[in-house]
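A note on names: the letters A, B, ... follow the listed sequences, proteins ahead of strands, and every chain is numbered from 1. Fair warning: this is a prediction, and the values are worked out from it, not measured in the lab.
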Amino acid sequence: MAEQQDWNALSDADFRAIFRSWVEENLPPELRFMRKQRPVFEEVAEWYHRLAEKGWLSPVWPQEYGGMGLDAGKHIVYVEEWARLGCPRIPDHGIGLTGPLLIRYGTDAQNDFFLPKILSGEHVWCQGYSEPNAGSDLASLKTAAVRDGDDFIVNGQKIWTTLAHCANWILLLARTSSDGPKRQNGITVLLVDMTDPGVTVRPIPNLRQETDFCEVFFDNVRVPAANVVGEVDQGWALAKAVLGHERIFLGAPSRPEYAIKRLERLAKDRGAFDDPGFVARYAKLRLDLYDLGSAFERFARVLRAGGDLGPDVSVLKIFCSELYQRITEEMLTVAGEEARFWDDLQTAEGEVDAMNLYLDSRAPAIFGGSNEIQRGVLAKGVLGLPS
Amino acid sequence: MAEQQDWNALSDADFRAIFRSWVEENLPPELRFMRKQRPVFEEVAEWYHRLAEKGWLSPVWPQEYGGMGLDAGKHIVYVEEWARLGCPRIPDHGIGLTGPLLIRYGTDAQNDFFLPKILSGEHVWCQGYSEPNAGSDLASLKTAAVRDGDDFIVNGQKIWTTLAHCANWILLLARTSSDGPKRQNGITVLLVDMTDPGVTVRPIPNLRQETDFCEVFFDNVRVPAANVVGEVDQGWALAKAVLGHERIFLGAPSRPEYAIKRLERLAKDRGAFDDPGFVARYAKLRLDLYDLGSAFERFARVLRAGGDLGPDVSVLKIFCSELYQRITEEMLTVAGEEARFWDDLQTAEGEVDAMNLYLDSRAPAIFGGSNEIQRGVLAKGVLGLPS
Amino acid sequence: MTGLILDDEDGGLALLHDSVAGFAARHPGPAAFRKRRAAGADLDRDTWAKMAEAGWLGLMLPEELGGAGLGLPEQAVLSEALGRALVTEPLAQLSVFAGMLLAGANAGTERARLAEGLIAGSVIAAPAWQGRKGAPAPVEARVSGDGITLSGRVEFVSAAQSATDFLVLARSGGEDILLSVPADAAGVTVDAHPTLDGTMLAAVSFDGTRVAADRQLAGGNSVGTALDRAIAVTRLMLAAEMAGIATRAIEETAAYTIERVQFGKRIASFQVVQHRLVDMWADAEFANAAVVHAVETCAEGQGLPADLAVLAAKARAGDAAVSITRRAIHLHGAMGFTDDCDIGLFMKRAVALNATLGQPEELRLQFVARERVAA
Amino acid sequence: MTGLILDDEDGGLALLHDSVAGFAARHPGPAAFRKRRAAGADLDRDTWAKMAEAGWLGLMLPEELGGAGLGLPEQAVLSEALGRALVTEPLAQLSVFAGMLLAGANAGTERARLAEGLIAGSVIAAPAWQGRKGAPAPVEARVSGDGITLSGRVEFVSAAQSATDFLVLARSGGEDILLSVPADAAGVTVDAHPTLDGTMLAAVSFDGTRVAADRQLAGGNSVGTALDRAIAVTRLMLAAEMAGIATRAIEETAAYTIERVQFGKRIASFQVVQHRLVDMWADAEFANAAVVHAVETCAEGQGLPADLAVLAAKARAGDAAVSITRRAIHLHGAMGFTDDCDIGLFMKRAVALNATLGQPEELRLQFVARERVAA
């Protein structure tokens, strides 16, 4: 049984120290600062199980469900240290999405069945939201779930489903009605077993020629009505509501921070710090990162004080994703004639995955709501600009 | 009587040489590279009259009307040399706007009366287009001209009327009808004597605390119907049509060219060329200017070959105005702690009007169709993007 | 959320902030700017007296000098609010900078006189210490008998025409000294030029100017320490003032574009305008965040982290204020290009403050150089 | 108007341009890119043979060498069209660069053999002359008897795996020489690594590699002259190729955004998307203009103006192609982030060409340095 302790009673510094020292002892060295942004379950299984054993796998779940029960402030410390120590990302849709949704809206039966299987790693979840014609405009989704006795019959297609090829359960948004005046109505959250007949997964290689997202096809898939979360037709509000303080992490500086360290390594090795032109460009990037930290802190302070985030937090995600891009673009400038190689660059202090980061940096400005969508949200939600 | 010669028969180089040597002999030295972008008539009267005497005041008017009759290619040379030699801008709405409009659409009586008075400087024209609520959206103009016997009675207000305070005639767009489905219909071009009763001019000081534009108020101003150009209600098409190849000059590199020379002078004096950070920023600006020249040439070539400009020429105006701003912004960076002074900065090679240029550079991105309007035109007219 | 968000348990900061808004309602900043500009003055003594009455001068001077003994958060909130209201009297130089110099000076009668007058608004003690490139450039001092003789020239002196005293950095026998010089002393010449923000900056020359020895306020290493501290704190307050300008400029521009109709639509409803406003707002938010971070880091003590935070805040707020106000002018269309429209005054003030005590490029290079030396 | 607009009185350029479009319809570039990448190859010999058949290799080689004797405009139009069609075989290196080296070499049997084979596609003569930072780095040559012995290592060699010969820059007794080395000669080692654009670049080492003396193609100052000329002309053709990529990328993206519907609207109807597309188009236009300007300036003769024009064109086209394709990926949304979508291949090719023979920043600094020395 996992350790039970009121982590929130500790000071941030104490909690940080405890977390850090345990990670340093328990995180297998070969998993630190993995090149791959999105390892599959098998690659990080050992780390997953150690966290689960310790009770540290799910930071925000209440302790009664096997989580750490961290408040938002402590959760920020957890995420910060995770990044700083180079912990690999684990397939976390079960921990971060399905779990919180069930804890908030699930039945006891759903919780009893699903939550332990997330912690054990038996169920690996993915998120079935986007469709080919419902990306930025998610509410236009068409995958249909039609009632048939005690079941729903699901037909349709999802896309950009991260790590679907190594998941066995999918949290599905499906259309159960299209009568209402608003397209947001008539959407239902379903828990779907991907090993059921009729589910097909097709991986989509990305710009890095790796697979971290997939298409998922549903051909008359039978899903028990017991697997509906919350009310039928009310899934949109559910899916939105579960995104709470976690929205801050979309703007956490960890990716640009990692990238700038690699930029510094490359620049040092290639003598770029002797070039004042580079130093001036680097200074701009360095200060942008520094100030992103200050801006992140501005929102973290709200959470620490027990407040809620407003729509303004999107500003972090925009700035962070664009900064990440600019840092990786500068890496290619420093790489000079070498900025053509697919493989990592060699330096005296180790490898620099310049191209890997450059290509990866194209993604965060698109995913999780493109930066254009975010700017629209800010225009309306913060500045109150008219339609 | 002015010299008559078929300038278009000369090579560009020959014409350039003839033009240049005459200007160098005849342009009063104190008028070269004037600090003021928009001198009033009196300040440049001598230069105006010398040009008129020589027959070189109106480059594109046909020779029968006292112009040079230059084709577009030669006109470009004329304008290029004008800028290169630092000729001051003259109040040129009569030459560039009223004259061409009358030559194309005016009656013989109008031409006989007005054209000579433009050449003599007796009539100084301004352009009465914009209104307080009709700027970017010019077609929504409301200044009304109502038929009353042989006259029109004009009531309304114009704004951003350049040099109206030293003009005595105004080329007015007024609404004569608002029946049609399109707001562009029902607009008429009127020639209005500003000394007539009911015309009031209020200068508007600009960011540089100089006056180059005004408000003009019309209070029951009586305008003879003989002063209508073209047909009543058909003025919109007229006003548009007269903007022919001259649109290229909105993107002529002369302002950024002048600004970069001043930047170089300041940078040299302040030792900035020893700072590689500055040199890198300067290099970007320098190459932008160089490439603007190549892009300008791309369109000039079309004109030289006798072709017409498409909507794509707007790209020059956007790039040019934004480059002008960036150059003047860099001047303030080089000026360092001095970038607070209102007056010109002193250098060993003479004055640098850093602040004057910085403030002036705010204007071209707004006037003559804001850069946002221009981008909209390009989106529709060149890329064919849908509404 | 917007503006400076600092811990304010007793509500004192909010009170201070509101007091500026009240002041600005009675004495609108833009009008005062234009009036002073038209007069060719470098300080409006009436306004200054009212600011003294409000208790805003020498806010951070210790209580033993008669000051309010308040800290960086209070001064930052005041400066931000003044920026937002476009109150452009040179508080950063005459209250913050001068105050920090006096706080770092030796106890004594002259210091007490200056501090008292500074707080009351009766003494205008103008710091005079910069060379042409902005770095410290002491004038030459010769001590003889019970007097000190000064020769040399300093640049970028605020309120030199209105000054009662100059706080002069001088060098005597290999040692820096700080002393006050009566503005009307023999051999003092003021060469003032108008600035973009409707005030004047002067070069001040001392040609054998003689002052009594008891006019010396500090000597030795403490001078450099006080000067460095004055520069850092003033930079921070300039950053706060620019953050205020930035925040106000985005508010004004949002309001204008919501009001202004073209093509039958409010121009704030055009997507391109919306996204530009969002970017401007984001820049202002980052400026506010950087200022808050610097205030808090400085409150934790002096040293490298505090120095870095101040450099970052001044650079960020300067870039934000200047570029936001520029974009604001553009979004005001032709109206923005007129002198009648206040938005231009905000831009001019932002450019002037940004050029004061180091522009962003220079501050960023200092940041990186210091951080990398320490690494 | 769009693309390269050059004087084309006899319509020869248009014909050449159309021939590439026809070729690309039969042999689509993206498919060939993926196929070669999957094979780990640095050249697709089938495609190369077809390009030879089309008469595209050694286009500028003089007629006495069996070439078409065409000029810069023809090569530029070809390169632009290849860029637009994403035909990514290394023509710039194996035809343009190698061709210019051969054109500048001494007459002789070996030159004739190489030129003939180059044109026919049977000889793959890979230039081998760069050091790690991209500058010329001759290997060491020792002449003895009727042979030459080479030792050293060069970087960034295109098609090294497929090469039949290397065109090697070497230094012998203080003098540069250019010679051809059989790819299968003893002591030649090829260390090839995959590149972003689905090909391979190699470091090639010579360890006591011995070739016959008649393999020397040039010596003395003419080597440097030929190399400089090869660099300049190749830079220009890379610029043309990148202008083609830029133009195509904006066309593809306009088409995609017109097609793609979200929120019930074509995304190309959103004003923010429209303005971004306009900016991308403008960047492509400027790239095209810079290339045309450079072609014409070079046609007027070698010298500083020609050199400056080439530096400007490569810098402009490089920045344009890279940044346009990046924005294009973004506007393709998640689709753009997939390997299935061709737009990513255009971006990868643009990055690779931009990194070849000098990136924009470096070229701009060269431009300014040369211009200011001359001023």
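Ring geometry for A:Phe249 versus A:His245: interplanar angle over 60°, hence perpendicular rather than tilted (30 to 60°). Using a 30° and 60° split on the angle between ring planes, A:Phe33 and A:Tyr258 fall in the parallel class, below 30°.
Looking at A:Phe273, only its side chain comes within 4.5 Å of chain C, counting heavy atoms on both sides. Neither the backbone nor the side chain of C:Asp283 comes within less than 4.5 Å of any heavy atom in chain A. For C:Glu361, the part lying near chain A is the side chain, with the backbone staying farther off; criterion is any non-hydrogen pair under 4.5 Å. Of the atoms belonging to A:Lys284, heavy atoms from both backbone and side chain fall under 4.5 Å from chain C. At a 4.5 Å heavy-atom cutoff, C:Glu251 makes no contact with chain A through either its backbone or its side chain. Residue contact with chain C, scored on non-hydrogen atoms closer than 4.5 Å, involves the backbone and the side chain of A:Glu372 alike. When heavy atoms are compared at a cutoff of 4.5 Å, C:Val278 approaches chain A by way of both its backbone and its side chain.
Of the listed residues A:Asp291, A:Asp288, A:Val315, A:Leu378, the one with more heavy-atom pairs under 4.5 angstrom with chain C than any other is A:Asp291. Between chain A and the options C:Val291, C:Asn288, C:Val273, heavy-atom pairs under 4.5 Å are most frequent for C:Asn288. Contact tally against chain A (heavy-atom pairs below 4.5 Å) for C:Gln274, C:Glu371, C:Glu296: the top residue is C:Gln274. By number of non-hydrogen pairs under 4.5 angstrom with chain A, the leading residue of C:Ala309, C:Ala294, C:Ala315, C:Ala287 is C:Ala309. Of the listed residues A:Leu316, A:Ile318, A:Val279, A:Leu383, the one with more heavy-atom pairs under 4.5 angstrom with chain C than any other is A:Leu383.
Among all heavy-atom pairs drawn from C:Ala374 and C:Leu304, the shortest one is CB-CD2, 3.3 Å. When all heavy atoms of C:Gly336 and C:Ile343 are compared, the pair lying nearest together is CA-CG2, 4.1 Å.
Note that CD1 of C:Ile5 is 8.0 Å distant from CZ of A:Phe299, once rounded to the nearest 0.5 Å.
Using modelled atom types, no side-chain atom of C:Glu241 and backbone atom of C:Gly83 make a donor-acceptor pair closer than 3.5 Å. When atom types are taken as modelled, the side chain of C:Asp307 and the backbone of C:Leu311 share no donor-acceptor pair closer than 3.5 angstrom.
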Mind running side-chain hydrogen bond (donor to acceptor under 3.5 Å, both in side chains) on A:Ser294 and A:Arg298 for me, showing each step along the way?
CA-CA 6 Å; A:Ser294 300; A:Arg298 189 173 170 82; over 6 Å; no
